[in-house]
Visitor: 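Just passing along the structure, written as C-alpha cells.
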Amino acid sequence: MTMMNAAVVTSFDEPPHYQPFAAPVPASADEVVADVLAAGLHPRVRSGAAGQHYTSCGTLPMIPGIDGVGRLPDGKLVYFAAVDDVVGAMADKAIVDPRRSVELPDGTDVAKVAAAMNPAMSSWVALRRRAPLQPGQTVLVLGATGNAGTMAVQVAKLLGAGRVIGAGRHLARLQALLPAGADDVVQLTDDADATGNGLAAAAAEADIVLDYLWGSPAQQAIMALLTARPDRSRALDWIQIGAVAGPTAEIPSVALRSANFRLQGCGQGSVSPRGYLAELPSLVAEITAGTIAVRPNPVPLSKVEEAWTTSETPGERTVLIP
Ligand SMILES: NC(=O)c1ccc[n+]([C@@H]2O[C@H](COP(=O)([O-])OP(=O)(O)OC[C@H]3O[C@@H](n4cnc5c(N)ncnc54)[C@H](OP(=O)(O)O)[C@@H]3O)[C@@H](O)[C@H]2O)c1
C-alpha cells in the first residue's frame, strides 16, 4: 500500500488532521491518480467534513475537498471535480476522472482557479441551466457580500444582464460591489420595513433572484418584491443557492398564487453532473482570463487544522496547497 499525506476527518466534531493515509487507487479504467496542486476550502467542503451536507453519507474517516487543480499522469494540468465524497481532494493525491476535468494552460495560477470555481459556478450554472438569463434582464443577488455573491454580480453582467442589484448586510463590502459591476445596492438590516422598502425600490422589476441567504431575509424579500411588482404576471425566477441565513423559510401560499413567482434551487442534484460538466470549460476560461475577480489565500495542507479553525478574511478564499 502506498501512503500519502492528507487532511483526514476522523470525527465530525473535529477539524481534519494532517496525517498519513493510504493513497487512493483507481476503481476503473476511466480514473487516474493525480498529484493535487490546490484545493479550495469552500463552505460546501466544511459542511461535508462536518457530516452536515445533504449529500453526506456519514462514512469516516474521510478526506474533504470537492474540487481542485491537479497534474495528471500524462502531465496535463487540470481543474477537476472530486469523484468521491469520502476520499476527496485535500491530499497529496486524488482520483480524477479526466472526463470530469478541464485542461488548464501551463502557467495558470492554480490557487486562483481552486478558489474561484465553486463560488463562481453557483451563479454561472443558475443563470445558464436553471433560469437561462436573457440579454438585458434584471438580476438581484440576495447575499452579495460573500465570495459567491460577489462573483454572482460579475457573472450576471458577463452573461448579459442589463441591470444587477446586490443586497447584503455588510455596508463596506456592499458598496465595493458598485465599482465591481453592480448598478445598485441595498443594505439588509434588522429594520424589516426599511429593508423591504429598499428592495422594493431597487428590484421590484427583477427577472431573476440569486438567493444565497434563505431564512428570514429571503422570506421577507420575497413578499417585499412581489407586492411591489407593477405587473405581477411578469415572471420572477427565484433561484435558491445558499442558506447562510437559515435552512428554512416560511413562504405564504399567496406568494405563489398572486404572482408569477417561480421558485427553484440550484445545486448538486437539481442540476445533473452532465449539466455541470458542460458549463465547466467556459467558466474556467473566464476565470483564467481574469474576468471574475478572486482573492485566494494559499495555505500549506500541513496547516489544515489551523486553516479550518481560523475565520476567513472576508473576500478571500482559503486554498490548501499539498
Ligand atoms: N448551490 C451551489 O451550487 C453553491 C455553490 C457555492 C456556494 N454555495 C453556497 O452559497 C453560500 C455562500 O457561499 P460563499 O462561498 O460565498 O461563502 P462566503 O464567502 O463565506 O460568504 C458568506 C457570506 O454570507 C453572508 N452572511 C452570513 N450570514 C448572513 C445573514 N444572516 N444575512 C446576510 N448575509 C449573511 C456574509 O456576509 P457579510 O458578513 O459580509 O454580511 C458572508 O460574506 C453558502 O451557503 C454556500 O454553501 C452554493
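Whatever order the structure lists them in is the order used to number ligands and atoms, beginning at 1.
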Visitor: To the closest 0.5 Å, what do you measure between CD (Gln154) and CG (Leu177)?
Guide: 8.5 Å
Visitor: Should one rank Gln187, Gln240, Arg173 by closest heavy-atom distance to atom 40 (O) of ligand 1, which comes out on top?
Guide: Arg173
Visitor: Quick one: look up the protein heavy atom nearest atom 16 (O) of ligand 1 and list residue, atom name and how far away it is.
Guide: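 Nearest protein contact, heavy atoms only, for atom 16 (O) of ligand 1 is Ala148 N, 2.7 Å.
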Visitor: Would you find more than 12 non-hydrogen atoms of other residues, nucleotides or ligands less than 6.0 Å from Lys303 atom NZ?
Guide: no
Visitor: Is it the case that more than 12 heavy atoms not belonging to Asp190 sit under 6.0 Å from its CG atom?
Guide: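 Atom CG in Asp190 is not packed in, count stays at 12 or less.
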Visitor: Hey, is Arg317 touching ligand 1 through its side chain, its backbone, both or neither, going by heavy atoms under 4.0 Å?
Guide: side chain
Visitor: Give the numbers and elements of all ligand 1 atoms closer than 4.0 Å to a heavy atom of Gly242.
Guide: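 Listed by number with element, the hits are 9 (C), 10 (O), 45 (O).
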Visitor: Determine, using the 4.5 Å side-chain heavy-atom cutoff (strictly less than), whether Phe80 and Met121 are members of one ILVMFWY cluster.
Guide: no
Visitor: Of the protein's non-hydrogen atoms, which lies at the shortest distance from atom 43 (O) of ligand 1, and what is that distance?
Guide: Gly146 CA, 3.3 Å
Visitor: I'd like to know if the side chain of Thr291 pairs up with that of Glu286 as donor and acceptor (distance under 3.5 Å, no hydrogens or angles considered).
Guide: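 Present: a donor and an acceptor within the cut-off.
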Visitor: Please name the residue in the list Asp237, Ile239, Leu236 that meets the side-chain contact (heavy atoms from CB on, under 4.5 Å) test with Val209.
Guide: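 When Asp237, Ile239, Leu236 are each tested with Val209, the side-chain contact (heavy atoms from CB on, under 4.5 Å) holds only for Leu236.
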Visitor: Name the closest protein heavy atom to atom 46 (C) of ligand 1, giving the residue it belongs to and the distance to 0.1 Å.
Guide: Pro43 CB, 3.9 Å
Visitor: Consider only side-chain N and O atoms of Asp67 and His42, and report whether a donor and an acceptor are under 3.5 Å apart.
Guide: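 His42 and Asp67 do have a side-chain donor-acceptor pair below 3.5 Å.
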Visitor: Starting from atom 48 (C) of ligand 1, locate the nearest protein heavy atom and write down its residue, its atom name and how far away it is, to 0.1 Å.
Guide: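 For atom 48 (C) of ligand 1, the nearest protein heavy atom comes out as Ile241 O, 3.2 Å.
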Visitor: Out of Arg229, Arg163, Arg234, which one pairs with Glu205 under the salt bridge (charged side-chain N to carboxylate O under 4.0 Å, His left out) rule?
Guide: Arg234
Visitor: Do any heavy atoms of Met121 fall under 4.0 Å from ligand 1?
Guide: no
Visitor: Please confirm whether Ala243 comes under 4.0 Å of ligand 1, counting heavy atoms of the residue only.
Guide: yes
Visitor: Keeping the roles fixed (side chain from Asp211, backbone from Gln240), state whether a donor-acceptor pair exists under 3.5 Å.
Guide: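 Such a contact is absent between Asp211 side chain and Gln240 backbone.
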Visitor: Among all protein heavy atoms in this structure, tell me which lies nearest to atom 1 (N) of ligand 1, with the distance rounded to 0.1 Å.
Guide: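 Answer for atom 1 (N) of ligand 1: Cys266 O, 2.8 Å.
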Visitor: Pairs of nitrogen or oxygen atoms closer than 3.5 Å, one from Arg169 and one from ligand 1: do any exist?
Guide: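 Yes, at least one N or O pair falls under 3.5 Å.
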Visitor: Starting from atom 25 (C) of ligand 1, locate the nearest protein heavy atom and write down its residue, its atom name and how far away it is, to 0.1 Å.
Guide: Val244 CG2, 4.1 Å
Visitor: Should you measure from each heavy atom of His170, which atoms of ligand 1 turn up under 4.0 Å away?
Guide: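 Answer for ligand 1: 38 (P), 40 (O), 41 (O).
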Visitor: Can a side-chain donor-acceptor contact be found between Thr108 and Tyr79 if the only test is distance below 3.5 angstrom?
Guide: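 Thr108 and Tyr79 do not have a side-chain donor-acceptor pair below 3.5 Å.
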Visitor: Taking distance alone, with N or O pairs closer than 3.5 Å, would you say Tyr212 contacts ligand 1?
Guide: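 There is no such contact.
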Visitor: Could you identify the single nearest non-hydrogen protein atom to atom 7 (C) of ligand 1 and state the distance to 0.1 Å?
Guide: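 Minimum-distance protein heavy atom for atom 7 (C) of ligand 1 reads Asn118 OD1, 4.0 Å.
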Visitor: What is the closest protein heavy atom to atom 38 (P) of ligand 1, and at what distance does it sit?
Guide: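 Among all protein heavy atoms, the one nearest atom 38 (P) of ligand 1 is Thr145 OG1, 3.4 Å.
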Visitor: Val86, Val9: one ILVMFWY side-chain cluster at the under-4.5 Å cut-off?
Guide: yes
Visitor: Could you tell me which atoms of ligand 1, counted from 1 in the order shown, lie closer than 4.0 angstrom to a heavy atom of Ala245?
Guide: 30 (C), 31 (N)
